[in-house]
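One structure is given here, and the rest of the page talks about it.
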Amino acid sequence: MGLTGMAFSTISIAAGAVMYWAVTAQGHGFRYSTVGVVLMVVGAIGLVVSTAVFATSRRPAGSRHHSYDREVIDAQGRSTEVHEEVH
């Protein structure tokens with residue numbers, strides 16, 4: 001979900017707001033304003049869920065432990081494997 005869900009939810013809220021406040025026509029058997037309210041509610045719920053998923057999927061700022069394995073070649077052409085740990 002993440003950022004894509006947030007974008008889709010924001011678009012849904014905006015479309016619902018337009019349908020609720022700007023569209024005055026009525027369809028046969030339903031009102032566009034009701035569809036607008038439903039879109040705004042579903043968009044708001046989706047935005048909250050997407051924000052929660054995005055926030056929990058991010059790594060906390062305090063845990064910056066990385067390890068790297070790489071091969072280094074010096075000027076004479078000799079290769080050495082290097083293991084680095086960054087805390």
Ile45-Met40 co-clustered via ILVMFWY side chain contacts under 4.5 Å
yes
Connected to Val18, directly or through other members, by ILVMFWY side-chain contacts below 4.5 Å are none
Please tabulate, one pair per line, all N/O donor-acceptor pairs under 3.5 Å involving side-chain atoms of residues 6-17, not counting sequence neighbours.
from: Ser9; atom 1: OG; to: Gly5; atom 2: O; distance (Å): 2.8
from: Ser9; atom 1: OG; to: Leu47; atom 2: N; distance (Å): 3.2
from: Thr10; atom 1: OG1; to: Met6; atom 2: O; distance (Å): 2.8
from: Ser12; atom 1: OG; to: Leu39; atom 2: O; distance (Å): 3.1

Show me the donor-acceptor pairs within less than 3.5 Å that the side chains of residues 30-38 make with the rest of the protein, sequence neighbours left out.
none

Set of residues satisfying side chain to side chain contact (heavy atoms under 4.5 Å, CB included) with respect to Thr80, sequence neighbours excluded
none
